[in-house]
Amino acid sequence: LLLFLFNACKENEQTKTDTDTYYTCSMHPQVVQNHSGNCPICHMELIAVKKQQTTSNEIVLTDEQMQLGNIKTDTIQNGCIENKIILTGTVVFNQSAINSVSARITGRIDRLYFQQLGASISLGQPLFDLYSETLNNAKQEYVQLYQQQHQLNNSVIQVAQLLQSAKNKLLLWGMTEQQISSLLKEKTISPITTFYSNVSGVITELPVVQGQYITEGATVLKVADLSTIWVEAQVYAANLSTIRKGTTVNVQFPDFPGLILKGKINFINPEMTADTRVVLARIALSNVKGQLKPGMPAYVITSAHQQNGLMLPLHSVLQYGNMNIVWIQTAYHTFQQRMVQTGTQNSTAILITKGLKNGDVVVTNGTYLLNSEAVFKHGDKMQTNMPGMDMHTHER
């Protein structure tokens, strides 16, 4: 009986000892067993590790895991962060400065003076010659009425009224005052009428060809005035809170090093593209010298502003959906997840507005290894029991 009781107590003591120890590989810390043996990956002998009492949202690493994971920590302190956002953009036409030249009467385009896109035209230059039977009849009618008025020496008032009506018709169909005056000096009326440009710029669209019949209202060409251009910048969702209408920006162009133009955002598209998750912001710039061409790349740089507060390296904060998580050190080789609220950030640092206090020791390198170890040991319950969950619930 005494021998039986001795063996039972020894067995209970061995079981208790085994439950306080687990075996892992120094080269592959993901290997965890409750008994000794060799690593199934590298076949090295497993080492015994004493389990430590931790809460459900803490994990404890061995010296080997700390070294292999290159876990580094730093004490969070107050600092100053400068937020300067650089957006990529493209030079585009000023849509409000694009003019459409349309046919005012049906006819055949006998000649196109410009037959390629991008060609520059000036105010008053001829654009196309049109043959129109209707317009020819109107020109002959005007000349005949003028001759009748001259022969009757203005004795008939009705002829003068008809003459003015015929002239207004020619003006309405696109002829100039000079062209109408020339009709009275010509011996024969030409069946071809030349139409001139009433704008300056470059041709952006040319939907017709020489010899084509066009109807009244058809677009012959479109002309864009390049004295002003637009720059459309891509704003990602994370930066929408700092980009507003009226924000002053500096615009730089890779094709012109050293050229910096200052402007203001005058429009922000209310619709976000579903595939790229960006919103287009527009800046209008003067282009008097004409050196900026639509299609050129541009960089839009917002004015920098400074903000003070608790600051961390940007890669220290893990993002899960709308949650921001950091790892803090609570004891020797012991780490705990903490949910935080973040503020201004730049390419290297981020401000913590809630969830940490000055003097907390935060993991600055190896956060992804800690997170993987936590999921391996505790599953998803780490993220459901971490400090700060009440803060996230209140926000939502």
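Atom NE2 of residue H35 and atom CG of residue L46 lie 8.5 Å apart, to the nearest 0.5 angstrom. Atoms NZ and CG, from K354 and L310 in turn, are 14.0 Å apart once rounded to the nearest 0.5 Å. Between atom CD1 of residue I301 and atom NZ of residue K262 there is a gap of 10.5 Å, rounded to the nearest 0.5 Å. Atom CD1 in I105 sits 8.5 Å away from atom CG in N136 (nearest 0.5 Å). Between R277 atom CZ and Y236 atom OH the span is 12.0 Å, to the nearest 0.5 Å. Between R111 atom CZ and L130 atom CG the span is 14.0 Å, to the nearest 0.5 Å.
Residues E205 and T219 have side chains that never bring a donor and an acceptor to within less than 3.5 angstrom of each other. Checking Q67 against D63 by side-chain atom types alone, no donor-acceptor pair falls below 3.5 Å. Using a 3.5 Å distance cut-off with no hydrogens or angles, the side chains of N94 and T228 do pair a donor with an acceptor. For the residue pair Y299 and N250, no side-chain donor N or O sits within less than 3.5 Å of a side-chain acceptor on the partner.
In terms of heavy-atom proximity, L171 sits nearest to M175 at CD2-O, 3.4 Å. Minimum interatomic distance between T204 and A224 (heavy atoms only, all atoms of both residues): CG2-CB, 3.5 Å. Contact record, L61 with M66: CD1-SD, 3.8 Å, taken as the closest heavy-atom pair.
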**Request:** Please lay out, stage by stage, how Y142 and L163 fare under the test side chain to side chain contact (heavy atoms under 4.5 Å, CB included).
**Result:** CA-CA 6 Å; Y142 175 74; L163 182 64; 3.3 Å; yes
**Message:** Evaluate V300 against I265 for side chain to side chain contact (heavy atoms under 4.5 Å, CB included), listing each step before the verdict.
**Reply:** CA-CA 10 Å; V300 178; I265 296 177; 5.6 Å; no
**Prompt:** Please walk me through it: do N371 and W327 pass side chain to side chain contact (heavy atoms under 4.5 Å, CB included)?
**Reply:** CA-CA 9 Å; N371 197 65; W327 283 91; 4.2 Å; yes
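Within 6.0 Å of atom CD in E45, 12 or fewer heavy atoms from other residues, nucleotides or ligands are found, so the atom counts as exposed in its surroundings. Atom CD of E271 has 12 or fewer heavy atoms from other residues, nucleotides or ligands within 6.0 Å.
T353 places a side-chain N or O within donor-acceptor distance of the main-chain N or O of Q341, the cut-off being under 3.5 Å. A distance-only check finds a donor-acceptor pair linking the side chain of D225 to the backbone of S227 [under 3.5 Å]. Between the side chain of T75 and the main chain of G359, no donor-acceptor pair closer than 3.5 Å is present. Judged by distance alone, with hydrogens and angles left aside, the side-chain atoms of T334 form a donor-acceptor pair with the main-chain N or O of Y332 at under 3.5 Å. Put simply, the side chain of S182 gets close to the backbone of Q178: a donor and an acceptor are under 3.5 Å apart. Of the possible donor and acceptor atoms, none in the side chain of R282 sits under 3.5 Å from a partner among the backbone N and O of W230. In this structure, T62 contributes its side chain and Q65 its backbone to a donor-acceptor pair below 3.5 Å. In this structure, the side chain of Q210 engages the main chain of L112 through a donor-acceptor pair within 3.5 Å. Although no hydrogens or angles enter the test, the distance criterion places a donor-acceptor pair under 3.5 Å between the side chain of T176 and the main chain of Q179. The backbone N or O of V317 lies less than 3.5 Å from no partner atom in the side chain of N324, so there is not a single donor-acceptor pair.
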Side chains of residues 285-295: which donor-acceptor pairs under 3.5 Å do they make with residues two or more places apart or in other chains?
| unit_1 | atom_1 | unit_2 | atom_2 | d |
| --- | --- | --- | --- | --- |
| N287 | OD1 | G290 | N | 3.4 |
| N287 | OD1 | Q291 | N | 3.3 |
| N287 | OD1 | L292 | N | 3.1 |
| N287 | ND2 | L226 | O | 2.9 |
| N287 | ND2 | L292 | O | 3.0 |
| K293 | NZ | G290 | O | 2.9 |

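For the pair R108 and E133, the salt-bridge criterion is not met [side-chain N within less than 4.0 Å of a carboxylate O].
Take F128 and apply the ring pair (Phe, Tyr, Trp, His ring centres under 6.0 Å) test, not counting sequence neighbours, and it matches F195.
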